[in-house]
Chemist: 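Please see the structure below; I have some questions.
Owing to the predicted nature of the structure, the values given are computational and were not obtained by experimental measurement. All chains are named by letter (A, B, ...) in the order of the sequence lines, taking the proteins before the strands, and each is independently numbered beginning at 1.
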Number of protein chains: 2
Amino acid sequence: MVDGITRADITGAALVLLTNGGLHALAMRRIAAELDVQQSALYWHFDNKQQLLAAVADLVVARVEATNARKWQNRILGLGSRLRDELLRYPDGAELVATAIAFRLGAGRPHQLFTAELTRAGMGDDDARVAASVFVHFVVGYTTDEQQHHQAAELGAIDRLDVATGRFDQGLRLIVAGAEAQIATLDAT
Amino acid sequence: MVDGITRADITGAALVLLTNGGLHALAMRRIAAELDVQQSALYWHFDNKQQLLAAVADLVVARVEATNARKWQNRILGLGSRLRDELLRYPDGAELVATAIAFRLGAGRPHQLFTAELTRAGMGDDDARVAASVFVHFVVGYTTDEQQHHQAAELGAIDRLDVATGRFDQGLRLIVAGAEAQIATLDAT
DNA sequence: ACCTGAACACCGTTCAAGT
DNA sequence: ACCTGAACACCGTTCAAGT
């Protein structure tokens with residue numbers, strides 16, 4: 001007989017359901033059905049649904065990676081748009097990651113990547129972490145809005161299509177300018 | 001006999017429930033029970049729960065107001081911490097507002113207030129709106145994390161207490177620096 | 001115009017019991 | 001160690017019918 005179910009099986013099945021039906025489809029019963037298992041079986045592998053969703057959020061941000069641009073400003077911009085792209089790959093991807101981050105349960109990867117870039121740019125560890133959280137909050141928050149609004153429009157709940165595109169880069173550049181100013185005052189000391 | 005129930009009655013009762021039990025207590029059945037009404041009665045006043053929650057989110061941010069500091073930088077900082085304070089007044093206040101903003105269903109007040117300050121500071125309407133969204137995403141995102149984490153710690157789900165306090169102002173100042181830089185380049189033109 | 005009563009189609013979580 | 005079966009305590013939404 002075959003082995004039992006693993007955590008990877010569960011999060012994998014959940015990711016498939018997320019892809020096809022969004023957060024709405026991520027019900028314990030549905031995930032269990034996808035694996036031909038009783039819903040209570042999932043609770044042997046995860047304490048609760050929130051922990052399971054956090055593990056799925058980790059998968060969503062797993063492919064976010066640093067770029068190899070020469071200027072740190074461009075690496076930050078690349079990281080931001082790469083993160084946005086990955087969140088947009090799945091319906092409700094941004095909201096899922098936002099919740100996981102809020103509960104400190106997963107999806108720490110974006111924050112780590114931004115922090116690394118900012119320390120390389122010359123910031124102290126502490127300042128880099130603060131700046132990284134500004135970037136992450138903006139990217140995840142902006143993308144959540146964008147995705148939510150886009151999905152609502154598809155359902156016909158909203159008709160006017162916002163001209164929100166392009167505004168993402170503008171916002172990122174504003175924060176980069178703030179980081180530049182802070183690094184400049186550090187160098188002046 | 002007394003008149004029927006109004007939308008204000010409903011959002012008022014919901015705000016009481018939010019205060020006492022957080023987002024978890026904001027169930028249609030519970031709100032209806034608070035008003036001695038059947039749950040289906042609420043659907044005559046609101047299309048769905050999401051619309052109702054958006055109206056409650058409007059109440060949460062209703063008392064956010066501009067400060068009268070002389071420098072626009074300080075007015076922005078004051079607006080940010082004032083918004084955070086109001087979100088922290090209710091359990092899950094930040095998450096409620098974040099969701100309403102994402103669905104473009106309410107809580108537009110913070111964005112309007114930030115935009116107004118930034119145009120007064122010398123930004124164009126378009127740039128001011130983008131910068132305002134950076135501020136709002138940071139304040140709401142940061143406060144959601146903070147509140148979520150705080151509530152999890154109260155339930156014993158998390159033991160270590162993050163040293164996140166003070167980081168809020170640092171983050172706000174970083175964005176202000178970015179706005180300053182942008183206004184400076186405008187003035188130079 | 002405004003609300004009731006009742007149903008429909010779902011949820012997350014627990015827990016004794018099985019193998 | 002890993003899962004079943006069944007229950008518990010909930011949800012949001014709809015809709016005919018009442019007044």
Chemist: Let me know the distance between CG of B:L26 and C1' of D:dG12, rounded to the nearest Å.
Modeler: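 Result: 13 Å.
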Chemist: Taking the minimum atom-to-atom distance to the side chain of B:S40, which one of C:dG5, C:dC11, D:dG12 wins?
Modeler: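 Selected nucleotide: C:dG5.
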Chemist: Picking from C:dC15, C:dC3, C:dG12, which would you name as closest to the side chain of B:I5?
Modeler: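 For the B:I5 side chain, the nearest candidate turns out to be C:dC3.
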Chemist: Give, for atom CZ of A:R104 and atom NE2 of A:H111, the distance between the pair rounded to the nearest 0.5 Å.
Modeler: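 One finds 9.5 Å between CZ of A:R104 and NE2 of A:H111.
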Chemist: Report the nucleotide, chosen from C:dC11, C:dT13, D:dC11, that has the shortest atom-to-atom distance to any side-chain atom of A:Q39.
Modeler: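 The answer is C:dT13.
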Chemist: What's the spacing between B:Q148 CD and A:L105 CG if we round to 0.5 Å?
Modeler: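 So the CD of B:Q148 and the CG of A:L105 are separated by 9.5 Å.
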Chemist: If you only use heavy atoms from C-beta on, which nucleotide in D:dA7, C:dT4, D:dG5 is closest to the side chain of B:V37?
Modeler: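 The answer is C:dT4.
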Chemist: Please tell me which of the listed nucleotides, C:dA7, D:dA6, C:dG12, lies nearest to the side chain of A:M28?
Modeler: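 Nucleotide nearest to A:M28's side chain: C:dG12.
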Chemist: Nearest whole Å is fine: how far is D:dC11 P from B:L53 CG?
Modeler: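 Interatomic distance, CG of B:L53 to P of D:dC11: 14 Å.
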Chemist: Salt-bridged, B:R82 to B:E86, with N to O below 4.0 Å?
Modeler: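 B:E86 and B:R82: salt-bridged.
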Chemist: Assess whether atom CG of A:N20 is packed by more than 12 heavy atoms of other residues, nucleotides or ligands within 6.0 Å.
Modeler: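 Enclosed: over 12 neighbouring heavy atoms sit under 6.0 Å from CG of A:N20.
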Chemist: Return the value, rounded to whole Å, for the distance between atom NE2 of B:H24 and atom C1' of D:dA9.
Modeler: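 Taking NE2 of B:H24 and C1' of D:dA9, I get 10 Å after rounding.
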Chemist: If you check the B:A27 side chain, which of D:dT4, D:dC11, C:dT4 turns out closest?
Modeler: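 Among D:dT4, D:dC11, C:dT4, the one nearest the side chain of B:A27 is D:dC11.
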Chemist: Between B:I183 and B:W72, does the side-chain contact (heavy atoms from CB on, under 4.5 Å) criterion hold? Intermediate values first, please.
Modeler: CA-CA 12 Å; B:I183 292 173; B:W72 67 265; 3.7 Å; yes
Chemist: At under 4.0 Å, does any side-chain N or O of A:H45 touch on OP1 or OP2 of D:dC3?
Modeler: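 Looking at the OP1 and OP2 atoms of D:dC3, one of them is under 4.0 Å from a side-chain N or O of A:H45.
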Chemist: Please report the distance separating the P of C:dC10 from the corresponding atom of D:dA9, rounded so that it comes out in whole Å.
Modeler: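 About 22 Å, rounded to a whole number of Å.
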Chemist: Taking a pair as Watson-Crick or G-U wobble with both distances under 3.5 Å, which nucleotide is matched to D:dG5?
Modeler: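 Its partner is C:dC15 (Watson-Crick or G-U wobble, both distances under 3.5 Å).
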Chemist: Taking atom C1' of C:dC2 as reference, at what distance in whole Å does atom CG of B:L35 sit?
Modeler: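 Whole-Å distance recorded here is 14 Å.
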Chemist: Figure out the NZ/C1' separation between A:K49 and D:dC11, and round it to whole Å.
Modeler: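 Going from A:K49 (NZ) to D:dC11 (C1'), I get 12 Å.
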Chemist: Starting from C1' on C:dC8, measure out to OH on B:Y43 and report it in whole angstrom.
Modeler: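 It is 13 Å, rounded to the nearest whole Å.
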Chemist: Between B:R30 and D:dC10, does any side-chain N or O lie under 4.0 Å from OP1 or OP2?
Modeler: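 For D:dC10, neither OP1 nor OP2 has a side-chain N or O of B:R30 closer than 4.0 Å.
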Chemist: Just how far, in rounded Å, is P of D:dC2 from CD1 of A:I10?
Modeler: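 Interatomic distance, CD1 of A:I10 to P of D:dC2: 11 Å.
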Chemist: Considering only side-chain heavy atoms of B:N48, which listed nucleotide, D:dC2, D:dT13, C:dT13, is closest?
Modeler: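 That would be D:dT13.
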Chemist: Between A:A41 and B:W44, just flag the one whose closest nucleotide in DNA chain C comes earlier from the 5' side.
Modeler: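 In this pair, the answer is B:W44.
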Chemist: In whole angstrom, what separates B:L23's CG from D:dC11's C1'?
Modeler: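 Going from B:L23 (CG) to D:dC11 (C1'), I get 14 Å.
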